[in-house]
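Convention: sequence-line order gives letters A, B, ...; per-chain numbering from 1.
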Amino acid sequence: ACGSDDNESSDGSSGGGDDAASNDFTVSMVTDTGGVDDKSFNQSAWEGLQAFGEEYDLEEGTNGYNYFQSNNDADYVTNFNTAARSEFDLVFGIGFLLTEAIGQVAAQQTDTNFAIVDDVAEGDNVASITFKEHEGSFLVGVVAGLTTESNKIGFIGGVESDLINKFAAGFQAGVEAVNPDAQIDIQFSGDFNNASRGQQMAAAMYGSGTDVIYHAAGGTGNGVFTEAKNLKQQDPDRQVWVIGVDRDQAEEGALTANGEEYNVTLTSMVKRVDIAVQDISKRAMDGDFPGGEVIEYGIEEGGISIAETQDNLTQEILDEVENYKQQILDGEIEVPSTR
Amino acid sequence: MDYVIEMLNIRKEFPGIVANDNITLQLKKGEIHALLGENGAGKSTLMNVLFGLYQPEKGEIRVKGEKVNITSPNIANDLGIGMVHQHFMLVDTFTVTENIVLGMEPKKGFTIDMKKAERDVKEISDRYGLRVDPKAKIADISVGMQQRAEILKTLYRGAEILIFDEPTAVLTPQEIKELIQIFRTLIAEGKSIILITHKLKEIIEVCDRVTVIRKGVGIDTLDVEGATPNQLASLMVGREVLFRTEKTEAEPKDVVLQISKLNVNDARGVRAVRDLDLTIRAGEILGIAGVDGNGQTELIEAITGLTKISSGSIKLSGKELSSYKTRKITEAGVGHIPQDRHKHGLVLDFPIGDNMVLQTYYQRPYSKLSMLNNKEINKQAKKLINEFDVRTPSEYTQARALSGGNQQKAIIGREIDRDPDLLIAAQPTRGLDVGAIEFIHQRLIDQRDKGKAVLLLSFELDEILNVSDRIAVIYEGNIIAVVNPKETTEQELGLLMAGSKKKEEGDIKHV
Amino acid sequence: MFSRTQTILIPVISVVLGLLIGAVVMLVSGYNPIEGYSALLRGSLGDSFYIGETIRQITPYIFAGLAVAFAFRTGLFNIGVEGQLLVGWIASVWVGLAFDLPKIIHLPMAVLAGAIAGALWAFIPGLLKAKLRVHEVIVTIMMNYIALHLVNYLVRYVISDQQNTTSRVPESASLKSPFFEALTEFSTMHYGIFLALAGAIIYYVILEKTSTGFELRSVGFNQNASQYAGMNVNRNIILSMVISGAFAGLGGAMEGLGTFGYAFIHGAFSGVGFDGIAVALLGGNVAIGVVLAAALFGILKQGALIMPLQSGVPTELVEIVIAIIIFFVASSYIIAYLLQRFKKGAQ
Amino acid sequence: MDILTAIEILVKSMLFASAPLIFTALGGVISERSGVVNIGLEGLMVIGAFSAVVFNITFASAFGAATPWVALLIAMGIGGLFSLIHAVASITFRADHVVSGVAINFLALGLGVYLVKAWYGAGQTAKIPEPLYYQRIPLLYDIPVIGPILFNNYVTSYLAIFVAVLVWFLLFKTPFGLRLRSVGEHPLAADTMGINVYKMRYIAVVLSGVMGGLGGGVYAQTITQDFSASTITGQGFIALAAVIFGKWHPLGAMGAALFFGLAQSLAIIGSSFPFLADVPNWILLSAPYILTILALAGFIGRADAPKAVGTPYIKGKR
Ligand SMILES: Nc1ncnc2c1ncn2[C@@H]1O[C@H](COP(=O)(O)OP(=O)(O)OP(=O)(O)O)[C@@H](O)[C@H]1O
Ligand SMILES: Nc1ncnc2c1ncn2[C@@H]1O[C@H](COP(=O)(O)OP(=O)(O)OP(=O)(O)O)[C@@H](O)[C@H]1O
Ligand SMILES: [Mg+2]
Ligand SMILES: [Mg+2]
C-alpha cells in the first residue's frame, strides 16, 4: 500500500558503492525494551550504527541513521513499521524478543531490508544475525576454571531461554575442559532487572565458597557486582570474581579499599554487536544484503571475544585462552550450544 | 446582669440555607440553660459557632462581658468553653485517658507522661463522680462511659461553660439519672451549662431557663419554672401538640413469633442470650425494656439471621427461621428498623430512591430477568417519600444529605410498606424531635391495628410505656418478666431492668 | 458535587493544563514544544497506520481500565490486573493452540479462556478477602509476581518445547484482521477493539442496570447495611474480584489473540495492568470515562514512540504529561472552585 | 553448605534486601496513620534513588567517603519536597488519595528518566563512585557465632531497624504521635481538641516522602549502584504491602519487610538443596510471594486500617 512508487531506493539499487551514492543510504534500529543505553547489546548495536554513520558521513536522523526505542513489547511492530515507512533502507531489530515482529513486518514491507540480531527470522528481505555466545562463554569458562581456587563456580542467568542457555552451556564446557573437578552451579533469577535478587543469589554463592560467578542477567547482574565488590572491599585478599557479559564490564567491578584500587571483574565475554551491525550495514549499502541468510558471528568473524581489559588475567591464563581459541578456530573443539 | 456567655444576633448561613438567623442566647453563671428546637432548627449549628467550629456571618459573642472572636476550638478551650458533641468526638482505638489528654498531653521529656495523665483523669473523675476506666479503649466501653469521657475532656481543659448537644439521646434511663446528678455537681462547682435535648421532661426537671428556636429563628427565652411540656412543645413546633399517642385497646390474635430456649453468643463468643422464651401475637406491640448490653442486640440479630444461634428455636407463624439466611427471613415476612441507621439502615452514598428498595431490588417489579427497572424503583420511592413525609429535594438525592429524622422516616417507610408480619423496630425514634416521634409512633400503632406483630426495642421508658401493649423485661440475656404497661410504673420497670426482682417471681404480673 | 458542565469541563481543562505544563518542561529542558507535540500527534493520529496502531494500543487499556474500575466501584482495589492479564493472555493462546475447530467456536472459546483464567486468578484474592479478611491489595500485588513466573514457565516448558515464544495461534482463533491491516497500511489493529467497546457496554449494563450490579455497588459502599438488607457480602466480594479479573483476562486475550498472536517469555511486567489503574481513575470509574481515558493513554503512549525521532524529546515526557493530567483530574475540586470564582467574577 | 553458613547468608541477604523496604514502609505507615493513603511510595523511592545517584556521581570528589551519606540526606530532602505534591493534592485540593498517589508514581519515573536523558544523554547513569559497603560492627562482630551472622552488613540495614523503633516511639509514645494518629482516626475529633488536622497531615505526608526517598536512596546506593528506569521496579508496592501486612504498625511493617527479605533469600538458598531440585523453578522464584500470602492467610488475619484513611478532611463539614 504505502510508498509503492519509490521502491527504487532499496532492492540493491544503491549498489554502486562509491561515496556519493552511499550518502543516500539510510539505516536504523529498533531496540528491545532495554533501550539504547542498556550497557548491553542495544547500546553496542547503536555504537555500531554510530560508527557506521561516522565512517560514511551519514547524519543522525531520518535521513541517515537512527534508532527507535521500544517501551513495551507491543511497540516492536509499530516501530518496525514506522522505520520502514520512514524509508530507511535497512532496519535492525535488536534481540530475540523482536523476532516475531520483524518477521511479520518484513512480510508486509517487502521494499525494506531487515536484520534481526540474536535470532533467526523468516523472509527474503530479512538477514539473521546470531552470535556464537557459547564460544566466548567457553573462553571465559577456561578463565574461570583456571582461576578458581575453591573449585566452585557459579552462573547466574536472567530469565531462562535458549539464548541464556547458550551462555551456560559454553561456559560449562570451558570450565570442564580445563578443570574437570570444578563444580558449576547454574541458577536463573527469573528476571532481568531485579538487582536485589541478583545480590542475594551472589551472596549465597560466594557465601558457600564460590569464587567466580559468570552472569548473563542484565540489570540483575548489577547485584552480582555489588556483592562481589562488597566482599572485596571488606577483605581485599579474598578471591571474589565476576565475569561480565556482552560488553567489557571492567568499569562495573572497580572499587577502592584501604586506599587501593581493585577490580572484581575477572574478564568479560564480549559480543561485538557493533561489528555485526556495521558489517551488515556495509553489505547492504554495497548491494550485497544477505537477505534470507543466517550469519553467525563467532570468534572467527571477530564477533565474539574476551574483553580487552585483561589486568586480572595472568599470562598463563591468557596463553591457555589463546590455545583454546585456536582449537576452536581450527575446529578441533566443537563448543556445545545447548545444555 | 452577669452573663458568662452572650451570643447576640448570630447569623450563620450554609450554602442555600440560613441555619441561624439573628439568634440571641444569654447564659447566666451557674444556670442550666436549655436550647430547644425541632430537628434541623439550628441548635447544633449555634453551639458549633460558640465552640469555634463555624464562623458566624453576623452577630457578636461575649464571654463575661468581653467581646471575643472564637475562630477555632482552641480559642474556645482557652475561654473555658467545652462541648460534648451530639456525635461523640472520641477516637475509638485510643484509651479514655488518651482521648482526654489529646492536644494537652502531660510530658516527660519527649514522651507523654501516661502515668500522670491517668492520675489526673482519675482525680477529676473522682471529683465529679464520673466513673470511667482510664485505661479502657473507647471501642470497648458503653455509650454512657464514652459520654463521661467526653465530659472529662472538657473538664480536663478547665472548662467553666459546658455545652451538651443531645447528651441523653443515647443513654439508658439509669445513665440519664446519673448524668443529671453530674450536672448538679458541676453547677455546685460554679460551672454553667447549655443543654440541648428533645425531651421536654428533662428540661422541666433540670433546667433553669430555656431558649426556643424554630427554623433558625430565636422564638423566646423563658424561665422553666411554671412552664409545661405542652407550652414548650407548641413554642417549638409553632402549633398545638397533643402528647398522648392515640391508641385503642390491642386485639391480639394468632402467635406470629415464637422463640423458645434460644441461646446466642455475641461477637466475642460470650453467651449473650440464655434460654430465652418469647411470644408475640398478631395485632400487638411487644416492647422490650432493658439496660443496654443485656442481649437485646443479639436477640434481634438472631431473629433476623444476622447472627448464628447456638441452640433453640425461632418460629415465624410456625415456620422455623433459625437456619435461614437474612434474605429468606426478610422474604418470610420480617421487617427490621435497625438501631444504627447510618451503619445498618442505609447506603448513604446511594440515592434515597435506591435505598427504598434495598431488600427488594431483585424482585418484580424492580427487576425483571435480573435487569433493574429504574422507573419502578423511582415510582416506589416517590410513593414512599409522599406517604411518609420524607423531606428530600428528590428521590435522586443521596441519602447522606438527608437529616437524621428524614433518614429514619425513609427507613420506616421502606419497612412498613413491605407489610411484614413481624416488624422489629430498634430504637426507632432516637435523636428525633417530638413531631417526628409522634409520627413514627403512630405508624407503629397503625401497623398493629392492621393485624401485624411489632417488636419494639427502646431504652426510653416513656416510649415503651406509651406504645407497647405488653412489655418484656430483658436482663442478662433472659426475659425475666412480662408486664402490662397499664399496671406498671417507671419505678417498677427500672427495678426489674436492674434485675432486682428476678428472684421474687410471685410479685410479677404475667400478662 | 459537580454540575454536568463541570463533569465535562474539568477533564478537558486537566488535559489542556497537562499539555501546557508538558510544554513548559520541554521549553525549560531545551526542546521545542511545538515540534514535540506535532510529532506526538503525527505518531498517534497522523495517518491511517498510526491511527490503527493507536486503536490497537487502546484496546487492552480499555479492558485493564474496566478491570480496575469494576473493583473500585465495588469497594475493592485490584492492583493485580497485570497478573490477571498475563494469565488471560497465556490461557487464550493455549486454547488457541490446543484445538482445531471452526472459527465460530474456536475464537469465542479462546477469548473466553482468557476471561476465565483472569477470573480465576482474581478469585484467589477475592476468596481470601471474603473468608479470611486478608487485604486484597497485598494479595493482588503478590499474585502479579507469581503470574509472571508461572506464565514464563508455561511458555517454555508446557506450551512450547523449550522455546522463548509459543507458536502463533491459528487463523481460527485469531483476532487479527486482514481488513483493518489493509485499511491501515499494515498496522496491527485487530478486531479486539469491538470486544473492548462491547466490554465497556457490558460493564455499564452489569454495574448500573442489573440487580447484581446493584448488590455489588451496595456492598462496595456499605457492607453492614448490605448484610442487614439480606445481601451475601462475601459472595459479592468474590464476584466483584472475579468479574474484575475477567475483564483483565480479556485484556490479555486481546494481546494473545490479536496484537501478538502468541505468548512469550516476559523479562518484566508489560505495564498495561498498572496503567489500567490510572486509566480507571482518570475515567472516573465509569464505562464511558474509561474508554475516553484509554483513548487518551493510547494516543499519548503511541505518539511518544516517534517523538524522540522527530523532535528529540524523550518519550518520558509523556509520562510527565499523564501524571500532571491525573493530578488535575484528582484535584477537580480546586478546578471547580476556580471555575465558580471565574463565573462569579464574570458576572 | 553447613548450617551456620546457611544462616549467615540468610540473615545477611535478608537484612540488605529488607532495609530499603523498611524505610519506605515506615513512610507508608506514617502517612496512612495520619489518614492519607500513599500508593505513591514506588514513585518516592524512584525519586530518592534518582537524587542519591545523581548527587553521588556529581559530588563524589567533593565529599569523598561521606558522599553516600550526604546523598541520603539529599534523597530524603528531595523525597520530602516531592511528596509535597501529593500533600497539596490530597490534603488541600481534596484529591482522591489513590489517584494522586498514582500520579506521583508516573511523575517520578517520567521525571527521573527524562532528566537522566536530558543531563547524561543516556537512559542510565554511570555507576556511582562512592557506594555503601558492608561493615563489620566493632565489638558486636566479635561475639562468637552470632557476631558474624548478625553484625556484618550495610550500616543502613541497622539504621532501618533503629528507625523503625524510632518511628514506633514517635507514633506511640510522644504527643506528636498521639496527635498524628488521632488525625488519621477521627480528624473532626482532633480538630475539636485544637489539633491542626491539615498541618499534621502535611507533616506526615512529607515525612513519608522523606522515608520513601531514603528507601530509594539506600536501594540505589547499596544494591544497584546506578539509576535507570529499571532501578525501582515494584519495591514501592512491596513496601505498601508491608504497611498493610504489618497492620499499619512501624514494628509490624519492619517485620513484614524482614519476612519478605527472608522469604526471598530462603527461596534462593533452597534452590541449592537437592530435595528441592525437582521443584519447578517458577515455584521457587514465586516462593517469597506465595509465602507472604500464606503467612497472611494463616496467622496474621485481618487488620483494620486507620478509620479516616483515604478521606479528605473538610473543615466545617460533618
Ligand atoms: N455543615 C453543614 N453544611 C450545610 N448545611 C448545614 C450544615 N450543618 C447544618 N446545616 C443546616 O443547618 C440546619 C441546622 O442544622 P443543625 O444541625 O444545627 O440542626 P439541629 O437543630 O442541631 O438539629 P437536631 O435536633 O437534629 O440535632 C440544618 O437544617 C441544615 O440544613
Ligand atoms: N455537608 C453538608 N452539606 C449540606 N448539607 C448538610 C451537610 N451536612 C449536613 N447537612 C444538612 O444538615 C442537616 C442536619 O443534618 P444532621 O445529620 O445533623 O441531621 P440531624 O437531624 O441532626 O440527624 P442526626 O440525628 O443524625 O443528628 C440535614 O438537613 C443535611 O441536609
Ligand atoms: Mg443537632
Ligand atoms: Mg443533628
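In this structure, the separation between NZ on K108(B) and OG1 on T174(D) is 14.0 Å, given to the nearest 0.5 Å. Atom CG of residue L53(B) and atom CG of residue L188(D) lie 6.5 Å apart, to the nearest 0.5 angstrom. Atom CG of residue L178(D) and atom CG of residue L102(B) lie 5.0 Å apart, to the nearest 0.5 angstrom. Here the straight-line distance linking atom OG1 of T111(B) with atom CG of L170(D) works out to 12.0 Å at 0.5 Å rounding.
Within the structure, the salt bridge (charged side-chain N to carboxylate O under 4.0 Å, His left out) test picks out the following pairs touching residues 72-98 of chain B (sequence neighbours left out): D92(B)-K307(D).
R181(D) approaches F94(B) most closely through the heavy-atom pair NH1-CE1, 3.5 Å. When every heavy atom of S182(D) is checked against every heavy atom of V91(B), the shortest pair comes out as CB-CG2, 4.1 Å. Minimum heavy-atom separation, T192(D) to P73(B): O-CB, 3.5 Å. Residues G103(B) and R179(D) come closest through the heavy atom pair O-NH2, 3.1 Å.
With chain D as partner, the option from D113(B), V101(B), T93(B), I75(B) having the largest number of non-hydrogen pairs under 4.5 angstrom is T93(B). Ranked by heavy-atom pairs shorter than 4.5 Å toward chain B, the options H186(D), K173(D), M193(D), E185(D) are led by M193(D).
Residue M83(B): no heavy atom, backbone or side chain, is found under 4.5 Å from chain D. Within the 4.5 angstrom heavy-atom criterion, only side-chain atoms of F169(D), from C-beta onward, approach chain B. The contact between K153(B) and chain D is made entirely by side chain atoms (from C-beta outward), counting heavy-atom distances below 4.5 Å. In this structure, chain D has a heavy atom under 4.5 Å from the side chain of F51(B), while its backbone stays farther away. Heavy-atom distances place no part of S72(B) under 4.5 Å from chain D, backbone and side chain included.
Every residue meeting the salt bridge (charged side-chain N to carboxylate O under 4.0 Å, His left out) condition with K122(B), not counting sequence neighbours, appears here in chain and number order: D126(B).
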